[in-house]
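Working notes, beginning with the structure itself.
All ligand and atom numbering here is 1-based and tracks the order in the structure.
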Amino acid sequence: MKPNFDWKNLSFDYIKTNSNIRYQFSKGVWGEMRKYTSDHIDMHMAATCLHYGQECFEGLKAFKGKDGKVRIFRLNENAKRMNDSAREIFMPEIPKEIFKEAVINAVKLNQEFVPPYESGASLYIRPLLIGTGPRVGLNPADEYMFIVFVNPVGPYFKNGFKPISLLIDRDRDRAAPLGVGHVKVGGNYAASFQSMEKAHKNGYDSVLFLDPKEKKYIDECGPANFFAIKEKTYITPESKSILPSITNKSLMTLAEDMGLKVERRKIELRELEEFDEVGACGTAAVIGPVGRIVDEKFGKTYQYCHDGNPGTISTELYNRFRAIQYGDESDKFDWVTVIE
Ligand SMILES: *Cc1c(COP(=O)(O)O)cnc(C)c1O
C-alpha cells in the first residue's frame, strides 16, 4: 500500500498502517516477536487491563530527514520509562532489547507511513503493555501483552508556532499526592478527561493542574509538563505527581547548552507573575508556548507573549529541538536512533 495523505493536515487520529508488533508474556517469560496486520486483539473478558487498570503506554516519534533517513527520538529513555510504569503497577518489565526491536521493526514495516521531511509531520509510535490474564479477585495478571503500533500525525502547529491558553482547574486532580501520577498508566488519563473537557468547553487549549495536596504549587499542563523562563533561568516543577517528560528532560539539556541555568523545584502559583515566558512541553508539540493562564475561581489572569508571539528563548529551544529530531542539527547528545 502506498499512502497518499495530505501529510500537513493529518490530525492526531488513528490511521491503520501495514502492521503492528506484539510479544506475549506467559509462565514468567517473554515470547518471540510476532507481526500482525490486524489492528484488533482477541482477549479474555476478565483480563486485568479491562478491570483493574493494568495498562501503561509510551509515546515517541520518528522523523524523516532531508537525507531521507528515518530517525527515532530518545528510544532508550522511553524504554526506561515504560519499565518504571510497569513496575509501579505490578507488571513485568520489558527487556530493553525487546523494546528496541519492537519499535524499530514497527517503523521499518511501515516506512511508507513516515511523513516526508517537508511536511513537518512525523510518525507517532505507541508502545502499549497490558495485563491479559483473567482475574476476578483483585490480583495482578499472570499473562501480559506488549504491542507497538505506529500512526502518522500532522505537524502540531499547522499555522506556525502559536501561543496557547490554559485554565487552572481547582475542582479536580489528575493524580493523588502519592499516587501514580509519575508513571504513564491509563487511569491517569481517564481521570483528566473532565478537566480537559471543562477547559475546551470554555475556550481554552488545555488545563493547568495544581499540586493535589495544597493547591499551592504548579503541577502539569494536561498531558504536558510545565516550564518557565525567568531572565536566564529555565524553571520546571518537581513533584511526585508529575510524569517526567522526556521532552522536558531534553529541553533542560538544551537550555544548559544555551547557557541558561536550570532549576527543578517546587513552583508556587504566585510566581506566575514573575515569569518572562511559560511553556507546556511534550512529544506531541515539543513546546506549546503559553500566552494566557486563567484562574477563574480567583478571578486572576496571567499574560505572556504580549506581542502575540512566543518568547525568544522558547522559540530558540523549539527550533533547536526540531532541528535535532529531523537531523538538521548534529545529534551531539546522542538522542537519535537512525534506521538504516
Ligand atoms: C506523556 C506525558 C507527558 C510528556 O512526556 P514526553 O515524554 O515529553 O512526551 C507529560 N505529562 C503527562 C501526564 C504525560 O502523560
Side-chain angles (χ1 to χ4, degrees), residues 12 53 55-63 72-86 88-89 99 103 122-129 148 150-151 153 156 164 166 169 172-177 179-196 199 205-212 217-228 234 236-255 262 264 267 278-290 314 317-318 320-322 324-325 333 335-337:
F12 220 89
E55 187 275 345
C56 70
F57 66 99
E58 271 305 323
L60 62 162
K61 281 180 170 176
F63 303 84
I72 304 174
F73 191 68
R74 306 224 68 173
L75 178 52
N76 294 323
E77 285 294 321
N78 283 275
K80 249 190 262 167
R81 191 172 64 187
M82 185 150 217
N83 283 338
D84 293 341
S85 301
E88 191 67 27
I89 57 169
F99 188 93
V103 169
S122 56
L123 187 74
Y124 183 71
I125 305 163
R126 169 53 63 87
L128 177 73
L129 174 60
V148 178
V150 299
N151 202 73
V153 293
Y156 194 86
I164 61 167
L166 303 177
D169 188 0
R172 267 195 182 83
D173 298 309
R174 63 173 281 279
V180 288
H182 63 296
V183 289
K184 225 169 167 74
V185 300
N188 291 339
Y189 302 86
S192 71
F193 285 167
Q194 290 280 2
S195 296
M196 293 292 283
D205 295 299
S206 192
V207 57
L208 179 62
F209 289 107
L210 302 182
D211 79 274
Y217 304 101
I218 293 178
D219 240 45
E220 283 209 77
C221 314
N225 275 187
F226 175 99
F227 74 89
Y234 179 104
T236 193
E238 180 134 62
S239 155
K240 174 84 201 285
S241 49
I242 293 178
L243 192 278
S245 153
I246 294 164
T247 309
N248 195 6
K249 186 175 180 178
S250 312
L251 286 171
M252 287 187 245
T253 303
L254 276 182
V262 171
R264 273 193 75 207
I267 300 178
V278 166
C281 62
T283 294
V286 181
I287 290 175
V290 174
S314 301
L317 283 167
Y318 177 77
R320 281 199 64 193
F321 202 103
R322 302 254 306 170
I324 295 174
Q325 290 179 320
F333 308 107
W335 287 345
V336 167
T337 305

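Here Met82 contributes atom CE and Leu128 contributes atom CG; the two are 6.0 Å apart, rounded to the nearest 0.5 Å. Here OG of Ser250 is found 11.0 Å from CG of Leu317. Values are rounded to the nearest 0.5 Å. Distance CD/Glu88 to NE2/His182: 3.5 Å, rounded to 0.5 Å. Within the model, atoms CD1 of Ile164 and OH of Tyr156 stand 6.0 Å from one another, a figure rounded to the nearest 0.5 Å. In this structure, OG1 on Thr253 lies 9.5 Å from OH on Tyr234, to the nearest 0.5 angstrom. To the nearest 0.5 Å, atom CD of residue Glu238 and atom CD1 of residue Ile218 are 14.5 Å apart.
Under 4.0 Å from ligand 1, heavy atoms of Ser245 appear from its side chain as well as its backbone.
The atoms of ligand 1 that sit less than 4.0 Å from any heavy atom of Asn225 are 10 (C), 11 (N). Interface of Arg81 with ligand 1, defined as ligand atoms under 4.0 Å from a residue heavy atom, comprises 5 (O), 6 (P), 7 (O). When each atom of ligand 1 is checked for a heavy atom of Glu220 under 4.0 Å away, the hits are 10 (C), 11 (N), 12 (C), 13 (C).
The single protein non-hydrogen atom nearest to atom 9 (O) of ligand 1 is Thr283 OG1, 2.5 Å, given as residue, atom name and distance. Of the protein's non-hydrogen atoms, the one nearest atom 3 (C) of ligand 1 is Pro223 O, 3.3 Å. In terms of protein heavy-atom proximity, atom 2 (C) of ligand 1 is closest to Lys184 NZ, 2.6 Å. Closest to atom 15 (O) of ligand 1, if we only count protein heavy atoms, is Tyr189 OH, 2.3 Å.
At a 3.5 angstrom cut-off on N or O pairs, Pro244 does not count as close to ligand 1. Geometrically, ligand 1 and Arg174 share no nitrogen or oxygen pair separated by less than 3.5 Å. Taking any N or O of Thr247, backbone or side chain, at least one lies under 3.5 Å from an N or O belonging to ligand 1.
Counting only N and O atoms by type, the side chains of Thr236 and Asn248 include a donor and acceptor under 3.5 Å apart.
Between Phe321 and Phe73, the ring center distance clears the sub-6.0 Å criterion.
Ligand 1 does not have Glu58 within reach: every non-hydrogen atom of the residue lies 4.0 Å or more from it.
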